[in-house]
Amino acid sequence: MIKINDKKFLIVIPAYNESDSIEFVIDELTLHMPHVDILVVNDNSSDDTGIIVQRMNTICLNLCVNMGYASAVQTGILYAVRNDYDYVLQFDADGQHIATQAQRLIDHLIKTDADIVIGSRYFSSNDFKQSFFRMLGTKLFSKIVKLSTGMRITDPTSGFQILSKRVIKRYADMDGFPEYPDANLIIAMFKRGYKIEEIPVKMRSRIAGDSMYNGIIAPVKYVAIMLYSVLLILFRRKGLD
Amino acid sequence: MSTEILYIITGVLLVGFILYHTLKKNLLEKESLIWLLVCIPILVFAFYPKSMIVISQWLGITYPPSLFFFVTIAVLFIIVLRLNIQLSKLKRQVTVLTQHVAINQAEIKQLKDKIHVDKN
């Protein structure tokens, strides 16, 4: 286990049917971040994702049933807590996140001593494409975060985040980790006094597969669930639990 | 009269059905007790149909069978909600179990690999 500034870092990659992109993602991370451990949480993929990861000598957690994105992320966080990691970097398996940008998140976290650093794709221009409904949802929840916390978070749906030890312990113990851990979690963590920062990062369009927010029904469902979750957090004194 | 017999048969069959599954251990004792409590008003209305009329008049309900439907729907609503609460709890428990199984399996594999390397 290699350390940066005496701290242990773990990259958590939740993956569901990402056999077309996972090899590229791991290769890129290994090339640019050889000092960081990589963990893939295979969310019961029906393709060869798990086999590819194991062949690449990367740590792989195989969920025996499909649990969804949030549970896969939380599984990685649980692993990090059990193995005493100091920081967890969430990284997508579809190739959207760029390995060289991950180092920027780490640097910012160390520099500012923040608890959560979010990589935003809307600070600077990039070739990232997203659907109209997703864009609408992002803007809506960005506004909601601003109104409820006063923080300017331009990309609350970004899964490109680095989390401090305090946060990973909190997430690991959380009873009922939200199905969509986005704006709701940002507001809940802010209410609990965690320091949250956002920095611009570049992202690519996904290499293969479809986004879980494609179509009309999925984004509408997402907005409804997220609005309800945010309302519950605002009404609960302690946020999520 | 035939309607009353139908009510009685239905009520008795329901109680029998619940007790059968409780004895076969298909239904937890606590759950079985709740269902038996639900059967009480059904049996009361079946054996004493006039009770429905008396209670309806007391509550100001002009059509007595409405009381039966109201009670049934309210009770079923509560039971379905209760089941949903239990389902949510079970879902969370399954998530925790699945997560721990995955981590344990990975750790077992790592230990096995380590033992294999040590042996060679």
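What you see is a predicted model; the values in this text were computed from it and never measured. Each chain gets a letter, A, B and so on, in the order the sequences are listed, and its residues count up from 1. For the numbers below, each heavy atom of this structure counts, side chains included, while hydrogens, waters and symmetry mates do not.
Atoms CD1 and CD1, on B/Ile108 and B/Ile103 in that order, are 12.0 Å from each other to the nearest 0.5 Å.
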Quick check - list every chain B-chain A donor-acceptor pair under 3.5 angstrom, one line each.
unit_1, atom_1, unit_2, atom_2, d
B/Arg92, NE, A/Asp175, OD1, 3.1
B/Gln99, NE2, A/Ser71, O, 3.0
B/Gln99, NE2, A/Gln74, OE1, 3.1
B/Gln99, NE2, A/Thr75, OG1, 3.3
B/His100, ND1, A/Arg82, NH2, 3.0
B/Asn104, OD1, A/Arg82, NH1, 2.8
B/Asn104, OD1, A/Arg82, NH2, 3.1
B/Glu107, OE1, A/Arg82, NH1, 3.1
B/Gln110, NE2, A/Tyr79, OH, 3.2

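Annotation: ring-ring contact (aromatic ring centres under 6.0 Å, His included) contacts involving residues 24-47 of chain B, sequence neighbours excluded, are absent.
Among A/Ile22, A/Leu89, A/Val53, the single residue meeting the side chain to side chain contact (heavy atoms under 4.5 Å, CB included) criterion with A/Ile13 is A/Ile22.
Taking the ring pair (Phe, Tyr, Trp, His ring centres under 6.0 Å) definition, one finds that B/Phe17 meets it with B/His21, sequence neighbours left out. Under the side-chain hydrogen bond (donor to acceptor under 3.5 Å, both in side chains) criterion, B/Ser32 pairs with B/Thr22, not counting sequence neighbours.
Between B/Thr10 and B/Ile42, every side-chain heavy-atom pair lies at or beyond the 4.5 Å cut-off.
A/Ile59 touches chain B through its side chain: at least one heavy atom from C-beta onward sits under 4.5 Å away, while N, CA, C and O do not.
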